[in-house]
Asks: 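Below you'll find the structure I mean.
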Amino acid sequence: MVKMTMIARVTDGLPLAEGLDDGRDLVDSEMYKQQVKALFKNLSKGHIEASRMSVETGPYVFHYIVEGRVCYLTMCDRSYPKKLAFHYLEDLKNEFERVNGAHIETAARPYAFIKFDTFIQKTKKMYQDTRTQRNISKLNDELYEVQQIMTRNVQEVLGVGEKLDQVSQMSSRLTSESRIYADKARDLNRQALIRKWAPVAIVLGVVFLLFWVKTKLW
Amino acid sequence: MGTENPGRPNFPMRPSFTPFASAPPTVRPFSPSGPGTGSESSNFRPIPPGAPPTMTPFSAAGPSPPVRFSDPSVPSAPIASVPPSGAPYQRFPTPPFPSAAQAPPNRAPPMGQPPFQPPAGQISVPPPFFRPQTQVLPVPMGSPPQNANFPPSSMNVPQPPTDSSLSGPRPNFQPPFPGYPSKQPAVSQAPSPFPAQQGSFMPPPASPSPFPSQQGSYGPPPVSATLGYQSRDQMQHPGSAPPTGGVQRLTEDFSSLSVQSIPGTNDPGLDNRSLPRPLDGDVVPSSFLEMYPMNCDPRYLRLTTAAIPNSQSLVARWHLPLGAVVCPLAEAPEGEEVPVINFASTGIIRCRRCRTYVNPYVTFTDAGRKWRCNICSLLNDVPGEYFANLDATGRRIDLDQRPELIKGSVEFVAPTEYMVRPPMPPLYFFLIDVSISAVRSGMIEVVAETIRSCLDELPGFPRTQIGFITYDSTVHFYNMKSSLTQPQMMVVSDLDDIFVPLPDDLLVNFSESRNVVETFLDSLPSMFQDNVNVESAFGPALKAAFMVMSQLGGKLLIFQNSLPSLGVGRLKLRGDDLRVYGTDEEHILRLPEDPFYKQMAADLTKYQIGVNIYAFSDKYTDIASLGTLAKYTGGQVYYYPSFRSGIHGDKLRHELARDLTRETAWEAVMRIRCGKGIRFTSYHGNFMLRSTDLLALPTVDCDKAYAMQLSLEETLLTTQTVYFQVALLYTASCGERRIRVYTAAAPVVTDLGEMYRQADTGAIFSLFSRLAIEKTLTGKLEDARNSLQLMLVKALREYRNLYSVQHRLGARMIYPESLKFLCLYGLALFKSVPLKGGYADVQLDERCAAGFTMMALPVKKLLKLLYPSLIRIDEYLLKPSAQADDFKNIMKRLPLVSENLDSRGLYIYDDGFRFVIWFGRMVSPDIAKNLLGPDFAAELSRVTLTEHDNEMSRRLMKILKKLRESDPSYYQLPYLVRQGEQPREGLLLLVNLIEDQMGGTTGYANWITLIHRQVQQN
């Protein structure tokens, strides 16, 4: 069963449309929405390469496809056939591109295509029941292959972003630390030099002083 | 007119001040000092430049010409002294009065003082005065009040340009006239040279009082001598402008009425015609916008006084409510729509600390890199995308492309952070009572038909959602799935544990299920036409509707025709019992009986559901309980007692249509912020308070206003100006989330008089009426009225005390010009439906319904309701040819006094909710015949007004239409009544002539006397 549907622009993560009564009778709908937002963010940063993926989260799975810089995402039960879910997203994608294709880049406000929710609603109903003839025939459709679509865990996926962030943080820390190291080394060098030559210089100084005193006095 | 002071002509005029002798030329001494006027006035010094040597001759001694104010309107004749033909001024060598130059002459001489020339015509200036004085050294005059020139001090006082008038012989200006609007430039000094007698120049009148504190401070006036005022003592003319301190004071305008009741008689001694009446309707004080042109329009935000007191003690002395009235979505006339701004990626610019939105009053500093919040004065960074350079004067160079920096009202497109969920679609849910009384009254038919006709205009196409539930002793749900050809009805009779029979399709997208919805509406009346069920399971039906709507929120319209009798929330006939009135139990009748209603209202608000109640019963339906639902969800109550579709159908049709089609904002919250040191403490209107200062408004539209009261948090405000910012975050019907922001500034003052001057009667009464209505919910009607009266009296007493020291007020009643209608509206409020009388005067339901309605009304509409208009139209109807422009002429409002009803006339009474058309007994039969058709002689209660095929009838209809168009929020149903037709005439019209003495209530004149007497009892 489709629980939630969201459409967002990949370039900046701006939400474009969302299913109407998403989250109905869903206990943690807020949490899942947060995850979806995090996912969009990762997508917009380019941390996730795959244009199609299934992401497991608790008892549900997010399925998404990215096409034409728009991400179509839906959340279903784990038991819901993956194939149907992707069919559903394809349907949304085709309609969305047909209706709003031209304006996607210029949308300036969130939910600029909220009117699309009526279509989402309608389509969702068609996919609600997996046993209808129409859906069964879709399931049996061999042409549409979903097996190679990766399935990952949400922690992993969201983690990718975190890890990448971490790595870049570490590398930047590395750079700055090595710079500090270089500075310190130079400093030490200088000190070593001073330590090495200072006694000689002092001795010479004393000798010269003595010479000078001697010439003065005598 | 009353306000201007009625002049009382004969005042004795003896100038108390000797001073004003005109110094004879010989008197050198003075001349030096003042070129112009008062020699002594040091103030004049500055001016000297202009003073020609020649001037010396005229030393004017004390300026004070004896002014007599005999007639205020012809104020002082300052110089009356010009007795003899007043030497033409020209003669004097130095015509231009130096002083004049500087002293702004402002007042246009023309003010009507022509009389001066002659030796004060009527005003007899006794020449003698002068004579003697000639010799008098000016010294005496030294008394403080001499001529002061007043630097125009303060703020609003414009400087008067000098005027040419000087040349004229006339004396010029007089002191402020009473009744002068304060904006008038202050005083004028006497710029003019007056021809003094023989060459000696009289100093002009003006003058007199140098007030120490001129600069704008409104300290108590030290001296009060204004020019003409010197004589004031003798003149008991309180009404005249008070000599108050500082320029302002001079121009102070207060108005007065003389109230002298003759002991032993009932005659209040007032001239009824001279009492102030708001015949022009609501007048918005202009100072709000004038002082701060970047303020938002007053239609959105009005302050009860546009001058904020700077200290607690001042607040305590201002006995009227201090606060604001906000009508967040008031309809703007064409061309003045609020600009919409999309910051897109920049994000909305707000203050980091107090979250104020960027507005015209913020200042940019540091070459445009920082901006200072006007409310908390925190320095914020300007985001890179919003950066613009400043020009030499510190203004941003891109100012003209930034409406948010030049306009007080703007709308921002909200980014995702302002959404907890995607913008909801507009949603209308109908809960319709189909029990026998509803069927009989024809309500169902009208409702179904109206909804059907509005389907095309519902906002938010194509997302609009719609759904229906009907109920009698059971609850009926309708499956409207788009694939059906006609709706399926599902009946749930388990009222104790109500459940929703279908998960979806009870609430459907209207554009998809349109056919089903239409079929449903077409068949609804016939489905229940034989229903004989008398029960009403209102509570369970409400719960069911709540369950269906809770996912989305939206607007719930409830059509209730009888007392809820089954299931949870059932109400009993509490009965409106005469014996309860006057006891402590009285207010309980006006409160919801069952906690279910309040609880339900809280839940509804939480899920963004706004409720509008339409109640139709002829019997008691406990509006007090039902209305609670509307009150806490930002809705409103429509009440049609004894609804009959034949009679009230039009009204319901229009009001329901308006409700469905007006622009509505969904899932809104509103907050008003204000500067440091002040705080909004209480809010009044229909809403739920979500936190201390956040108003939750599930639905809000242009017909709703909210009032709030201010208090000072600090003992002393140090700032010069305070700012207010109203922000309404809402979802528009088109699915955009927006933030409407209104910003206004108001000066902080130290003077009570200034507060009174800047008062806004409309806003004050908006707050007053809400406070009083709330009071009726916790106490007796009597108490509510008394506390209201007490406030009025205290306010007027405080005002009187301000001036009584300097004037002998005697028996006059004084009040600020800005509040001249205070008493009248107070009286009107007393007689308004929610507050008037007791048991017998108004039915309980009607009282509660009116209370709920008035809590939400915008200012203008409220004032109209308090003081309805009465218009005579027979002359217009009889006129052979009517042009369009005549229309304005006939719209002359008459005072609401029964004396005004001429038995030969035809009148329309319009309170914004209904028309009463009154036929005089001797109205020409032609008119009656033309307007009413064949049944013109019948009893008018049975006649409905329809258009007949003749010019007169068409014209009447046109008038009614025009009147309705001026305010579409309610529909006024015409009631016809003939003079002498009792008791209808009394109930419909006479009771509403609020200036009359009716039954146990006071008339206007008596009311004034009463208030006045209480004011005087210090």
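Chain naming here is simple, since letters A, B, ... match the order of the sequence lines and numbering starts at 1 in each. Quantities reported herein were computed from a predicted structural model and do not represent experimental measurements.
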Asks: Does atom NZ of A:K125 have more than 12 heavy-atom neighbours, drawn from other residues, nucleotides or ligands, at distances under 6.0 Å?
Replies: yes
Asks: At a heavy-atom separation under 4.5 Å, does B:M419 approach chain A through its side chain, its backbone, both, or neither?
Replies: side chain
Asks: Just how far is it from atom CZ of B:F510 to atom OG1 of A:T118, taken to the nearest 0.5 Å?
Replies: 13.5 Å
Asks: Looking at every non-hydrogen atom in both residues, tell me the closest pair between A:P110 and B:A414 and how far apart they are.
Replies: CG-O, 3.4 Å
Asks: Under 6.0 Å from the OH atom of B:Y418, do we count more than 12 heavy atoms belonging to anything else shown?
Replies: yes
Asks: Measuring from B:N509:CG to A:K122:NZ, what's the distance to the nearest 0.5 Å?
Replies: 8.0 Å
Asks: For the NZ atom on A:K37, are there more than 12 heavy atoms of other groups (residues, nucleotides or ligands in this structure) within a distance under 6.0 Å?
Replies: yes
Asks: Using non-hydrogen atoms only, which part of B:E736 is less than 4.5 Å away from chain A: side chain, backbone, both, or neither?
Replies: both
Asks: Can you measure from CZ (B:R463) to CD (A:Q121) and round to the nearest 0.5 angstrom?
Replies: 10.5 Å
Asks: What's the shortest heavy-atom distance between B:G735 and A:R109, and which atoms?
Replies: O-NH1, 4.0 Å
Asks: Would you call B:T416 and A:P15 a side-chain contact if the rule is heavy atoms closer than 4.5 Å?
Replies: yes
Asks: Quick check: are there more than 12 heavy atoms from other residues, nucleotides or ligands sitting under 6.0 Å from NZ of B:K543?
Replies: no
Asks: Does a sphere of radius 6.0 Å around CZ in B:R355 hold more than 12 heavy atoms from other residues, nucleotides or ligands, not counting ones at 6.0 Å or beyond?
Replies: yes
Asks: Looking only at heavy atoms, which two atoms of B:C734 and A:I114 are closest? And how far apart?
Replies: O-CG2, 4.5 Å
Asks: For the NZ atom on A:K93, are there more than 12 heavy atoms of other groups (residues, nucleotides or ligands in this structure) within a distance under 6.0 Å?
Replies: yes
